[in-house]
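Everything numeric in this text was worked out from a predicted model, so none of it was measured.
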Amino acid sequence: GSLPTSPYPYFVGGHSERDRIMLQYSTFHGPRRRASHARRIMFSTVALGACLCLLFLLGLVLSYHSESRNPDVLSTLAQIPAVKFAPSFAHHASVTRDPSLSSSASCPPLRRSRMNLIPKSTETASESKREQLKKIKRNPEFNRMGFKDTREYAEKEMFNEFQSEIIKSMRENSYTLQKGDITFRLAQDFGFCWGVERAVQMAIEAKMHFGDKTIHITNEIIHNPGVNDKMRNMGIKFIPVEDGVKNFDQVKNGEVVILPAFGATLEEMKLLTDRGVQIVDTTCPWVSKVWNSVDSHTKKGHTSIIHGTWSHEETIATASFAEDYIIVKNMAEAEYVADYILNGGDRAEFLEKFKNAISKGFDPDVHLKKLGLANQTTMYKKETRAIGQMLQKTMMQKYGPENVNEHYMEFDTICDATQERQDAIHELILDKSIDFFLIVGGWDSSNTRHLVEIPHAEGIPAYHIDRAERLRPDNSIEHRTVDGEIEVLENLLKEGPVTIGVTSGASTPDSYVADAMNRLVLMKSAVSPAAVAEN
């Protein structure tokens with residue numbers, strides 16, 4: 001019969017001329033072709049079976065010949081490199097060759113010893129750390145995508161808890177707010193970054209999804225005391241730390257464990273996987289990018305030199321994915337390492353200086369010949385780049401420009417959000433009317449501390465608070481200095497107009513910034529009540 005046609009030959013229900021010919025051909029010749037194909041498969045199978053039988057018989061002949069005429073053949077075969085057999089034969093590798101057997105007097109008959117030459121299956125210890133992580137992530141109990149069934153609730157909770165109408169209004173009005181004698185100037189990039197927001201929302205989703213199940217978190221979800229208090233109020237348990245070591249004894253099979261935004265060590269992930277818990281991984285993708293970098297260093301045989309703080313949770317996690325590493329917190333420490341590379345030095349002094357910041361068995365005379373640069377994502381991008389340029393120059397001096405690529409490598413792993421917030425406060429500093437900066441963020445937040453350092457370096461007062469309550473009704477402020485000291489400053493606000501620059505770290509919600517601004521307005525009203533009342 002005739003075939004259907006269509007003006008759209010390559011869509012369903014239509015056929016091109018070529019299609020029509022092929023359909024007719026398969027209709028008339030299909031059965032004959034299928035029968036011929038089946039015969040070819042049958043003959044091929046028989047031929048293959050015959051070949052295998054011949055090989056088996058040949059093996060038996062050689063075995064008999066070797067046993068009867070050459071009793072030392074086992075010693076010779078023992079020198080042959082081991083061959084990795086297919087997994088289906090792995091069960092044969094239960095007996096290993098004893099190297100002490102080298103003569104016919106000590107060798108059992110070859111026929112009984114044939115399987116001694118088959119190696120044992122590869123152990124997981126030979127896997128790279130990156131492969132071990134991939135295996136953990138393939139576990140069905142590992143979740144890093146959140147939970148759709150509770151997402152809508154979590155989004156509403158995030159909006160109600162962390163958004164601010166005041167901050168929204170400032171964004172729409174050139175990032176400026178006037179309240180009586182106070183002029184607030186807000187940096188154009190500040191507050192919650194995408195990775196932090198994602199981590200907090202995933203934690204809320206997990207709490208609602210798992211209902212009454214016990215939920216733990218390996219560390220602070222982010223470096224913000226208010227947000228961590230919210231986690232506790234939701235019933236999420238924080239893993240206790242005893243003498244600087246986390247105690248996972250309270251975590252039981254079938255419970256839920258959240259990994260925070262700055263990640264967890266490979267050892268912690270393996271422990272939790274072995275314990276059979278549900279893992280909710282909120283690690284920021286920018287942090288995972290750094291882990292990929294140190295894995296690349298390992299593959300190339302390079303030592304990872306990590307620009308970061310050795311005690312910071314993110315850097316601890318990153319170091320766990322490196323084989324050999326050294327952590328430098330600033331340019332001064334990087335220059336110390338470079339000087340050792342070029343001129344040598346006191347090995348004992350070097351090891352003492354970096355005793356908390358190096359991998360086990362680290363030897364500066366061995367592990368500084370090939371370097372790969374990585375960083376804690378919250379460090380200064382400019383400083384990381386400067387360290388990279390200095391290390392590259394060091395390797396060029398040591399090994400020659402033509403060999404520098406064999407001895408040095410680096411990737412850009414600075415978080416965009418960190419750099420954007422640093423750039424924004426640099427721009428705000430150009431406004432010479434600003435009297436001081438108020439910077440809101442956790443006192444243990446690395447990226448927030450760096451924001452404080454920028455105006456301080458320009459001679460502009462900057463006060464770092466971790467929550468609005470640090471602004472006191474008596475017109476004083478409890479703040480963290482650039483040196484890490486906690487101080488109280490009396491008489492923060494004076495009479496008359498004042499312009500305050502405001503920004504916040506990547507772990508700080510908008511609502512917490514607005515709370516701090518409202519407190520400043522209340523404090524000002526006590527100093528100049530008439531000025532505030534007029535607005």
Taking side chain to side chain contact (heavy atoms under 4.5 Å, CB included) as the definition, give me every residue that meets it alongside [X], ordered by chain and number, with sequence neighbours left out.
X      : answer
Asn233 : none
Pro509 : Phe162, Phe192, Asn224, Val227, Ser511, Tyr512
Asp281 : Lys137, Phe142, Arg144, Leu259, Thr283
Cys284 : Trp286, Val287

Inset, instruction - Examine Tyr325 together with His297 and report whether their ring centres are nearer than 6.0 Å. - result: no
Legend entry - Between Tyr399 and Tyr408, ring centroids under 6.0 Å: no
Legend entry - Member of Val440, Ile439, Leu489 meeting the side-chain contact (heavy atoms from CB on, under 4.5 Å) criterion with Tyr463: Leu489
Legend entry - Sole candidate of Leu492, Ile182, Asn475 that passes side-chain contact (heavy atoms from CB on, under 4.5 Å) when paired with Lys524: Ile182
Answer whether the closest heavy-atom distance between the side chains of [X] and [Y] falls below 4.5 Å.
X      : Y      : result
Lys230 : Ile204 : yes
His312 : Met379 : no
Pro455 : Ile425 : yes
Leu522 : Pro473 : no
Phe184 : Leu186 : no
Lys135 : Glu127 : yes
Val290 : Phe321 : no
Arg480 : Asp466 : no

Inset, instruction - Determine the interplanar angle of the Trp443 and His464 rings, folded into 0 to 90°, and report it as parallel if under 30°, tilted if 30 to 60°, perpendicular if over 60°. - result: perpendicular
Inset, instruction - Please determine which of Gln250, His216, Lys213 meets the side chain to side chain donor-acceptor pair (under 3.5 Å) test together with Glu255. - result: His216
Interatomic spacing from [atom1] in [X] to [atom2] in [Y] - rounded to 0.5 Å:
X      : Y      : atom1 : atom2 : answer
Ile217 : Met231 : CD1   : CE    : 7.0 Å
Ile465 : Ile486 : CD1   : CD1   : 12.0 Å
His407 : Leu368 : NE2   : CG    : 12.5 Å
Ile222 : Asn228 : CD1   : CG    : 6.5 Å
Arg519 : Arg470 : CZ    : CZ    : 11.0 Å
Arg421 : Asp416 : CZ    : CG    : 10.0 Å

Closest approach of [X] to [Y] (non-hydrogen atoms, all atoms of both residues):
X      : Y      : value
Ile136 : Leu266 : CD1-CD1, 4.0 Å
Trp310 : Ile316 : O-CG1, 3.4 Å
Leu493 : Ile500 : CD2-CD1, 4.3 Å
Gly501 : Ile434 : N-CG2, 3.6 Å
Ile221 : Ala199 : CD1-O, 3.9 Å

Legend entry - Pair Asp363 + Arg347: basic N to acidic O under 4.0 Å: yes
Legend entry - Pairs where residues 185-208 contributes a residue and the test side chain to side chain donor-acceptor pair (under 3.5 Å) is met, not counting sequence neighbours: Arg151-Glu205, Thr176-Arg185, Arg185-Asp431, Gln201-Glu205
Inset, instruction - Quick one: which residue pairs count as a side chain to side chain donor-acceptor pair (under 3.5 Å) with a foot in residues 498-510, not counting sequence neighbours? - result: Arg171-Asp510
Inset, instruction - Enumerate the residue pairs fulfilling salt bridge (charged side-chain N to carboxylate O under 4.0 Å, His left out) with a member in residues 290-307, sequence neighbours excluded, ordered by first and then second residue. - result: Asp295-Lys299
Inset, instruction - Return each pair, listed once, that meets salt bridge (charged side-chain N to carboxylate O under 4.0 Å, His left out) where at least one residue sits in residues 237-246; pairs must be two or more places apart or across chains. - result: Lys246-Glu268
Inset, instruction - Say whether Asp474 and Ser476, considering side chains only, have a donor N or O and an acceptor N or O under 3.5 Å apart. - result: yes
Legend entry - Residue pair Ser320 / Thr265, side-chain donor-acceptor N/O under 3.5 Å: no
Inset, instruction - Could I get the full list of side chain to side chain donor-acceptor pair (under 3.5 Å) partners for Tyr380, not counting sequence neighbours? - result: Glu453
Legend entry - With Thr318 via side chain to side chain donor-acceptor pair (under 3.5 Å) - residues at least two apart: Trp291
Inset, instruction - Test Ser446 against Gln376 for side-chain hydrogen bond (donor to acceptor under 3.5 Å, both in side chains), laying out the working first. - result: CA-CA 9 Å; Ser446 175; Gln376 186 179 307; 3.2 Å; yes
Any donor-acceptor pair under 3.5 Å linking the side chain of [X] with the backbone of [Y]?
X      : Y      : answer
Ser304 : Ile306 : no
Ser164 : Ile167 : yes
Asn375 : His307 : no
Lys381 : Thr378 : no
Thr315 : Ser311 : no

Inset, instruction - May I ask you to check whether over 12 heavy atoms, not counting those of Lys329, lie within 6.0 Å of atom NZ? - result: no
Inset, instruction - Report, as yes or no, whether the 6.0 Å neighbourhood of atom CD on Glu152 holds more than 12 heavy atoms from other residues, nucleotides or ligands. - result: no
Counting only pairs under 3.5 Å, give me each side-chain donor-acceptor contact of residues 270-280, with atom names and distances, residues two or more places apart or in other chains.
residue	atom	partner	partner atom	Å
Lys270	NZ	Gln132	OE1	3.0
Thr273	OG1	Met269	O	2.8
Arg275	NH1	Phe248	O	2.5
Arg275	NH1	Val251	O	3.2
Gln278	NE2	Glu141	OE1	2.4

Legend entry - ring pair (Phe, Tyr, Trp, His ring centres under 6.0 Å), paired with His367, selected from Phe350, Phe354, Phe362: Phe362
Just list the side-chain donor-acceptor pairs under 3.5 Å for residues 334-344, sequence neighbours left out, or say none.
residue	atom	partner	partner atom	Å
Tyr336	OH	Glu349	OE2	2.6
Asp339	OD1	Asn343	ND2	2.7
Tyr340	OH	Asp365	OD1	2.8

